[in-house]
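Each chain gets a letter, A, B and so on, in the order the sequences are listed, and its residues count up from 1.
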Protein chains: 2
Amino acid sequence: MTPDPRHDESDFLANYDPRDYDPVAVTVDVVALTIRDGALHVLLVRRGSAPYAGMWALPGGFVQAGGPLQGAEAEDLPDAAVRELAEETGLSAKGGALGRVHLEQLGTYGSPGRDPRMRVISVAHLAFAPELPDPEAGGDAADAAWVPVEALGLTESGGQRPGTTRRLAFDHARILSDGLERARAKLEYTPLAAAFCGGEFTIPELRAVYEAVWGEELHAGNFHRKVLSVPGFVESTGATSDRGGRRGGPRPRLYRAGDARLLHPALLRPSREEEIR
Amino acid sequence: MTPDPRHDESDFLANYDPRDYDPVAVTVDVVALTIRDGALHVLLVRRGSAPYAGMWALPGGFVQAGGPLQGAEAEDLPDAAVRELAEETGLSAKGGALGRVHLEQLGTYGSPGRDPRMRVISVAHLAFAPELPDPEAGGDAADAAWVPVEALGLTESGGQRPGTTRRLAFDHARILSDGLERARAKLEYTPLAAAFCGGEFTIPELRAVYEAVWGEELHAGNFHRKVLSVPGFVESTGATSDRGGRRGGPRPRLYRAGDARLLHPALLRPSREEEIR
DNA sequence: AGAGATGAACTCAGTATGAGAACTACTCAG
DNA sequence: CTGAGTAGTTCTCATACTGAGTTCATCTCT
């Protein structure tokens, strides 16, 4: 079943009055991840107003419901996520810098009390992007920046370690933690890591993505063998990078993303043993 | 960021009036799965009123926002899911038949127009249960029943094949399809299949769960070896079932769920090859 | 020019998987 | 009561995948 607050008669609309119901707000929040200087970064905005003024938060905002009161078009959830990303950070949407981002739903957070003002249900999304320009604050944001995930002192339980400078508002530490775990898992069985690279990339660049997201070094030889052996993961362009490795070494070959949607067999994280129980 | 419809001043609450906003309803829907007679079944209710009167739907309903208007306590999303399950099907909650169910969030569905009456955001949940009694219709439900998933003629694209008798309301065919795919995937890397069995079960019973959910037969010998070799999946009770197989054969040994939260290495579905591209 | 680093390819041992067979213990039909 | 058939459990064997380490050529940097 779906909405049916008072055992709806044959004509629900005629009897419906929004004022009969306690208001619930629906927002979208976005965990946008990218790799900069070999480290995983997340897009954050600094709140300009209460509550949590001055603290950092995930970009996000209200979903346009599409009724007559506010005059806005009804929008789908992913569209709302892209719009908020664009509004609050100045990153232009389709065609522009946001053209190549992968966007997926992460989960919905709706505990009573998660927002001190009213009942808010947040639909969190996860975005993966290749290196993007610095954002510009817009909308309600006093500031916007790519922040190294490492610097946020996230704990396993979804909080932040004491002493961390940038505190996250609301339950955004929990949402971000969930997003990171999703990202780490998705690299295992989807070719999504290529979404962090540009159109053409080298195997070592791809490996750097895995190392940044998983936070551990990988065996270069085995990674190379694995990537080439999984059907459809990458395809050769035939070309060679014009520069060797940063500190020497031969010029690596160039590849682009293949047509596989799932990696089989998957690339498993080395450090899963600990998480099993 | 989260709610901030009009660049909230330092005191949002003072200026807030629900009537300024287009109403959005938030509901929870539940995809409850169980195994009956060796086949995967889903819990459905038949709608008693418009829209989609007479059609079948997932059990679900409004989330209690917790404001003063309706006098209800604010409830968390999983609590709402359990409440709806209980209300519409007569399955009693904790301690009762619903005591052992595993419940997790599946995803949120909010396309404009998915409900003809108003903008509705549905947070879908997924529940796994051991064999439960037949439900009794309650609330808005004209009827409630465990329905074999097979009989719903679901297509890959989230629809139903023409000619299917039981039509699903709203976008519930899509939600159910997503739930089934999630269930199939979860069996691979979590010990959740044990949640479909009672407290003690045999390896062949466990295999029957996998076969019902994945829809394909498994190699008995290899499955047996695999289950016993994955650390923490099952632990022996030392006892032996008091009955042999249905059509003969020795009495199988009894096991209970182990303490692993993830299966490593995972039990992979044989038929993944096709889905990869 | 030489040292050090890196990309790419290879080797080898240990582990996991798919397919099938063997053996035993049970149910059921006659 | 007996034999046929079914099913639980254990093995074997060939193949595939993984982690660790080696080799070698090529490039950067000093």
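Whole-Å rounding puts the Leu218(A) CG to dG21(D) C1' distance at 16 Å. Distance NE2 (His224(B)) to C1' (dA21(C)): 16 Å, rounded to an integer number of Å. In this structure, Phe223(A) atom CZ and dA9(C) atom P are separated by 14 Å, rounded to whole Å. Rounded to an integer number of Å, the gap from Glu205(A) CD to dT6(C) P is 14 Å. Across the protein-nucleic acid pair, Arg225(A) atom CZ and dC17(D) atom C1' stand 7 Å apart, rounded to whole Å. In this structure, CG of Leu263(A) is placed 14 Å from P of dC17(D), rounded to the nearest angstrom. Here dT6(C) presents its P atom at 17 Å from CD1 of Ile203(A), a figure rounded to the nearest Å. The nearest whole Å value for the distance from the CG atom in Leu268(A) to the P atom in dC17(D) is 13 Å.
Side-chain nitrogen and oxygen atoms of Lys226(B) include none within less than 4.0 Å of the OP1 or OP2 phosphate oxygen of dA16(C). Between dA25(C) and Arg251(B), no contact under 4.0 Å exists linking OP1 or OP2 to a side-chain N or O. Residue Arg247(A) places at least one side-chain N or O closer than 4.0 Å to OP1 or OP2 of dT6(C).
Annotation: of the two residues near DNA chain D, Arg207(B) and Asn222(B), the 5′-most nearest-nucleotide partner is Arg207(B). Comparing Tyr255(A) and Gly221(B) by the nucleotide of DNA chain C whose heavy atom lies nearest to each, the residue mapping closer to the 5' end is Tyr255(A).
Here the rule is side-chain contact (heavy atoms from CB on, under 4.5 Å) with Leu263(A), and of Val230(A), Leu192(A), Val227(A), Leu187(A) only Val230(A) fits it.
Note on His219(A): a base of the nucleic acid sits closer than 4.0 angstrom, heavy atoms only. Using a 4.0 Å heavy-atom criterion, one finds that Arg253(A) contacts the sugar-phosphate atoms exclusively.
A donor-acceptor pair under 3.5 Å links the side-chain atoms of His41(B) to the main chain of Ala39(B), judged by distance alone. Between the side chain of Thr202(A) and the backbone N or O of Arg253(A), no donor-acceptor pair lies under 3.5 Å. Side-chain N or O atoms of Thr164(B) include none that pairs as donor or acceptor with a backbone N or O of Gln160(B) at under 3.5 Å.
Remark: aromatic rings of Phe223(A) and Tyr210(A) are close, center separation under 6.0 Å.
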